[in-house]
*Asks:* 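Pasting in a structure now, in C-alpha cells, and then I'll have a few things to ask.
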Amino acid sequence: MGERTAALSARAPAGAIQVTFLGTSAGIPTETRGLPSLALSLGGEILLFDCGEGTQIQFRRAGLRPGRLAHILISHLHGDHVLGLPGLLMSLQLGGRTQPLGLHGPPGIGDFIRATLERLAAHVAFPLEITEHSGPERVVHGSGYEVECRPLEHRILCLGYALQEAPRPGALDVAVARRLGVADGPLMGRLKAGESVTTADGRVVTAREVLRPPVPGRRIAYCTDTRPCPACLALARDADLLIHESTFTSDRAEDAQQKGHSTAAEAAAIAAQAGARRLALTHISPRYQDPEAQRADAGCLFPATVVAADLQRLTVPKRVA
Ligand SMILES: [Zn+2]
Ligand SMILES: [Zn+2]
C-alpha cells in the first residue's frame, strides 16, 4: 500500500527508475482499473508504454509532468492500447509544448494518428517523430539507456519492449592504485575517468588495472498483449522488473490460448525462466475483481509477483556492484 500512496507525490529519488501503472485493465475499463498505459520515469524523462483511453487523466492524477514526456511506445493497434493518444497529443498542443516527442509502434500507428488528427482538424505544432517497427530492433537510443522491441504472439502484430540501462563504470580500487605507485590526487581522478596515467617512477598504470568490473544497468521488460513466447523470454532475460500481461488465470487457459493472451501462471513461468527479479502483472480481465486470484495463480511459480493496481508505483533500485 505504501508504494501506491507514494504515487500521489511523483518525485523519484535521485537515480531511481520508477514505473507508474496508469491503467491495468484489459479491453474495457472497470470502476478501479483503466485501460492499458504505464509511465516509466528515469533521469528526468518519462517514457509512456501504451496509451489507452483515459491515460492523460491518470497521468495527471499520478502527478507526472507532461513536459517530461519524451517517448510514447505503443504495443499494438487494438483500441484499448491506443485510443488515448489523440486526446493526449491534443492536450500537449494546448499546453504549449514545443519540444519533440517520439511516437513508436507497429506499422499503421503513423496513419492512425495522422488520419485522426486531420479529421479532427487538430494541428500538432511540436515535432512528432513517428517511427514504425516490426522488430527485433532498437527503437530508442536515449541518454544512458536503449529500448529494443520484439514481435510477440498476439492476434495482430504486437511489440514487446525492453529498456536496458547502460552499465555504470566500476569503482576505483584505491588500494590497488596506491600499490601500483599512483599518488593520491589528480592521477586517481584520471584513472577513475578511464584514462591511463604515468606514476612518479615512470610506470604506466591503466584504468583496467585499477577499476572494479562495470555494474550492469537495470532492465525493464514490457510484454502485453501476448501468448508466452521466446520473444517474451528474450525481453525478460535477467530483467529487474518484468511487466507482463495476465488477462486470465489458469482455469481459463483455453481462453488465453484462443485469444492470444496469457494466464498469470504463464507470465510467472516466463519470469522464472528468464531469471527476472520481479514480476508485475497487468492487463487484467474485468472478470477478476479480486487481485488475489491472479496472485495465487502466479505466486507459487514466482513468489516475487505483484498484481499491479492503477496509480501504483514501483521503484527499481540501482544494482549494486
Ligand atoms: Zn489489450
Ligand atoms: Zn490486443
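Bear in mind that the values here come from a model prediction, so they are computed numbers and not experimental data. Keep in mind that the numbers below use all heavy atoms, side chains included, and drop hydrogens, waters and symmetry copies. Counting starts at 1 for both ligands and their atoms, in listed order.
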*Asks:* Checking side-chain polar atoms at under 3.5 Å, does His133 have a donor or acceptor matched by the opposite partner on Thr131?
*Replies:*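 The answer is yes; a qualifying pair exists.
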*Asks:* Among the N/O/S atoms of Asp80, select the one at the shortest distance from the Zn ion (ligand 1) and name it.
*Replies:*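 This turns out to be OD2.
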*Asks:* Provide the atom name of the closest N, O or S atom of His78 relative to the Zn ion (ligand 2).
*Replies:*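 The closest N, O or S atom of His78 to the Zn ion (ligand 2) is ND1.
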*Asks:* Strictly distance-based, threshold 3.5 Å: is any side-chain N or O of Asp50 a donor or acceptor partner for the main-chain N or O of Ser37?
*Replies:*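 Answer holds: no.
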*Asks:* Would you find a donor on one side and an acceptor on the other, under 3.5 Å apart, between the side chain of Thr315 and the backbone of Pro317?
*Replies:*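 Not confirmed, Thr315 side chain does not pair with Pro317 backbone.
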*Asks:* Counting backbone and side-chain atoms alike, does His76 have an N/O/S atom under 2.8 Å from the Zn ion (ligand 2)?
*Replies:*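 True for His76.
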*Asks:* Parallel, tilted or perpendicular: which one describes the rings of His76 and His154, with boundaries at 30° and 60°?
*Replies:*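 Perpendicular, since the angle between the ring planes exceeds 60°.
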*Asks:* Report the atom name of the nearest N/O/S atom of Asp225 relative to the Zn ion (ligand 2).
*Replies:*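 This turns out to be OD2.
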*Asks:* Take the Zn ion (ligand 1) as the vertex and measure to NE2 of His81 and NE2 of His283; round to 10°.
*Replies:*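 Value returned, to the nearest 10°, is 100°.
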*Asks:* Confirm or rule out an N/O/S atom of Cys158, from backbone or side chain, lying less than 2.8 Å from the Zn ion (ligand 2).
*Replies:*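 No.
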*Asks:* Determine whether the aromatic ring centres of His261 and His283 lie less than 6.0 Å apart.
*Replies:*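 Close enough - the centres of the two rings lie under 6.0 Å apart.
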